Amino acid sequence: MNDATTPTAPAATNFIDDIIAEHKRTDRFGGRVHTRFPPEPNGYLHIGHAKSICLNFGTAAKYGGLCNLRFDDTNPTKEDVEYVDSIQEDVRWLGFSWDERMFFASDYFEQIYAYAVELIRKGSAFVCDLSADDIAAHRGTPTRPGTESPYRNRPVDENLDLFARMRAGEFPDGTRTLRAKIDMASPNMHLRDPIIYRIMHAHHHRTGDAWCIYPMYDFAHGLSDSLEGITHSICTLEFEVHRPLYDWFIEQLGVFHPQQIEFARLNLSYTVMSKRKLLELVRTGRVNGWDDPRMPTICGLRRRGFTPESIRAFADRIGVAKRDNVIDVGVLEHSVREDLNRRAARRMAVLRPLRIVIENFPADRVEEIDAVNNPEDASMGTRKIAFTRELLVERDDFMLEPVKKFHRLAPGAEVRLRYAYIIRCDEVVKDADGAVVELRCSYDPETGIGGAQADRRVKGTIHWVSATHGVNAEVRLYDRLFTVENPDVAPEGLDYTTHLNPHSLEALTDCRLEPSLASAKAGERYQFERLGYFCVDPDSAPGALVFNKTVGLKDTWQKTEKQ
RNA sequence: UGGGGCGUAGCCAAGCGGUACGGCAUCGGCCUUUGGCGCCGACACGCGGAGGUUCGAAUCCUCCCGCCCCAGCCA
């Protein structure tokens, strides 16, 4: 089969594509597709946001449209520039570009205020003097209608005056609100005269002290989309019941009407995804910051060694639909392995060293051996590795009393040293406590690459590092942050934190790497043969290397061992 | 007991009246100087349940069951 006839996989489609196809058929938007990713800058982005980012930017790209980045910054008490910076960095890192289309809901405050005034003029909004508690009490319950505010029928002029004075700062926080006049008996709670403006004497990260009233998200969000000419306002399922409210505003104001489409947010097994909980993990020191490699944040995944490509592949793989879902974290892990397998250079590293001495190998001899950098990609070439009399191997690759099917080192057993010789363990040296401290071995000189017995087969091949040439490093191992698939399910009176995995981080400080890694730079990714994928942590420095384990290689041995 | 959504394999997810795509996981086998990668094969007589319409139903109709969301001056 040649390239011309190679079938290309059909682009994955989802229910949103169906909706867009219908819009094209009926010419609803003149063929335009314009989306946006609308985060609130009140926290760091996580893998759930990545799904949304890929969906929004991806959908626009698929139809030759555009995707804006817009910050929904309507609550100055929770937002910060730290977050607007990190969000931009993360979206860019994921590989998406909004060009010059970066906006803020706060850019539209004046316009949104004008919309509110217009609603008042139409008799569709009123200033309410009820306290927060009273408003809640008047709201009713899902099964019982609410009751109207005594201020609901204030004359338009009085509303106009009061609203202007709210803006002018005449009233303290919480004393008045502007409410839409809809229907206190609506079965949809969001239509029971929702608050659209509140008084907040707070400094805004962009507008400073220009405002002391701020629009509610429900009022600002849909109108911001409308102002930007967004055709498809993609959001998560919980906003489905808000849609009638957004549509109501748009109809009242007679402005451009985007189509809101709701999809199911991502849930990942063995972690939590709510910003509130992630913030809590950071603030209580359960993890070391937003970019802790155990966090499901974009910056955490980045520091952990994930590639943008792997995260995008993950997003494609999990699909988009409306049913609640919990994606097995194994799908994410598979996505990185798949990417790193073809891209990461191979190296040898010993995490828990066990010294072995090749007794029939001269102490002053150093053999330079060629090792393939990536068997998946010949263009990555080869490198030299030093074979010496004293080597370090993984403690796990030796068993004093080998179990069945253990194909590695054991007393009297033979094993292949990767790229080098077959050796036999002749003697086990123990310390006073009986702990194994060293292995005395012998090698078969004919079995090296190019040797007469090079093809001789033994059951196992293990990795190694020269004890005299290797460089030291710290390697941080990570396990899932929580011990259960769904940490939110906790016993009565306890919360998700009871499921925190006490062993989610293990720092190994006595690791030895092949010398070619001595100059490894932060962010570089490697496969440590037989172990997994690792990347250089920002904490790393020349002479004090620090690696993070991104993910282990698939380990069928571990599986058979458990059986 | 109100309203809005959703039920297809262990986890995702196609399917849009013509006899259940695909991925992850799992289980076999081949290959292998990474117990990696790759390759081959297995994996829903079944689509939440029960009726009905039809030559034919996961797809259409009826009823029932289950799960999620909504009572912030958060987003």
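We name chains A, B, ... by the order of the sequence lines, and we start the count at 1 in each one. Everything quoted here is computed from the prediction, not taken from an experiment.
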To the nearest Å, give me how far apart [atom1] ([X]) and [atom2] ([N]) are.
X: K559(A); N: C24(B); atom1: NZ; atom2: C1'; value: 12 Å
X: I327(A); N: C12(B); atom1: CD1; atom2: P; value: 6 Å
X: F15(A); N: C12(B); atom1: CZ; atom2: P; value: 16 Å
X: I318(A); N: G22(B); atom1: CD1; atom2: C1'; value: 15 Å
X: D316(A); N: C24(B); atom1: CG; atom2: C1'; value: 14 Å
X: K51(A); N: A13(B); atom1: NZ; atom2: C1'; value: 11 Å

Could you identify the nucleotide paired to [N], looking across every strand shown and requiring Watson-Crick or G-U wobble geometry with both distances under 3.5 Å?
N: U1(B); result: none
N: U19(B); result: none
N: U26(B); result: A42(B)

Between R152(A) and D193(A), is there a salt bridge with N-O shorter than 4.0 Å?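 Looking at D193(A) and R152(A), the cut-off is met.
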Would you call R456(A) and D444(A) a salt bridge, taking side-chain N to carboxylate O under 4.0 Å as the test?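 Result for this pair is yes, salt bridge flagged.
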Could you check H334(A) against E485(A) and say which one's nearest nucleotide on RNA chain B is further toward the 5' end?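 Residue closer to the 5' terminus by nearest nucleotide: E485(A).
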Do R176(A)'s NZ or CZ and the ring of F171(A) fall within the cation-pi criteria of under 6.0 Å and 45°?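 Yes; both conditions hold, so R176(A) lies above the ring face of F171(A).
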Starting from the C-alpha separation in whole Å, work towards a yes-or-no answer on salt bridge (Lys or Arg N to Asp or Glu O under 4.0 Å) for R343(A) and D339(A). CA-CA 6 Å; R343(A) 298 168 55 176; D339(A) 190 31; 3.0 Å; yes
Show, in sequence, the C-alpha distance, side-chain angles and deciding distance for Y421(A) and Y443(A), and conclude whether the ring-ring contact (aromatic ring centres under 6.0 Å, His included) test is met. CA-CA 6 Å; Y421(A) 305 96; Y443(A) 85 116; 4.7 Å; yes
In the 5'-to-3' direction, what one-character label does each nucleotide of nucleotides 68-75 of chain B receive under the scheme B = base within less than 4.0 Å of a protein heavy atom, S = sugar-phosphate only, - = no such atom? SSSBSBSB
Going 5' to 3' through nucleotides 33-40 of chain B and flagging B where a protein heavy-atom sits under 4.0 Å of the base, S where only the sugar-phosphate is that close, and - otherwise, we get BBBBS---
Result block: side-chain N/O donor-acceptor pairs under 3.5 angstrom for residues 315-333 of chain A, not counting sequence neighbours:
unit_1	atom_1	unit_2	atom_2	d
R317(A)	NH1	S335(A)	OG	3.0
R317(A)	NH1	E338(A)	OE1	3.4
R317(A)	NH2	E338(A)	OE1	3.3
R317(A)	NH2	E338(A)	OE2	3.0
K322(A)	NZ	E240(A)	OE2	2.6
N325(A)	ND2	R265(A)	O	3.4
N325(A)	ND2	R323(A)	O	3.3
D328(A)	OD1	G330(A)	N	2.8

NA contact type, V320(A), heavy-atom cut-off 4.0 Å: base, sugar-phosphate, or nothing?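 Sugar-phosphate: the residue V320(A), judged by heavy atoms under 4.0 Å, touches backbone atoms but no base.
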Fit a plane to each ring of H49(A) and H46(A), take the angle between them on a 0 to 90° scale, and name the class: parallel (under 30°), tilted (30 to 60°) or perpendicular (over 60°).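 Taking H46(A) first and then H49(A), their aromatic rings sit tilted (interplane angle of 30° to 60°).
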If only side-chain N and O atoms of R317(A) are considered, is one of them under 4.0 Å from the OP1 or OP2 phosphate oxygen of C12(B)?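 Checking C12(B) against R317(A), no side-chain N or O comes under 4.0 Å of OP1 or OP2.
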Please determine, by modelled atom types, if D218(A) and H242(A) share a side-chain donor-acceptor pair under 3.5 angstrom.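 On atom types as modelled, these side chains qualify, holding a pair under 3.5 Å.
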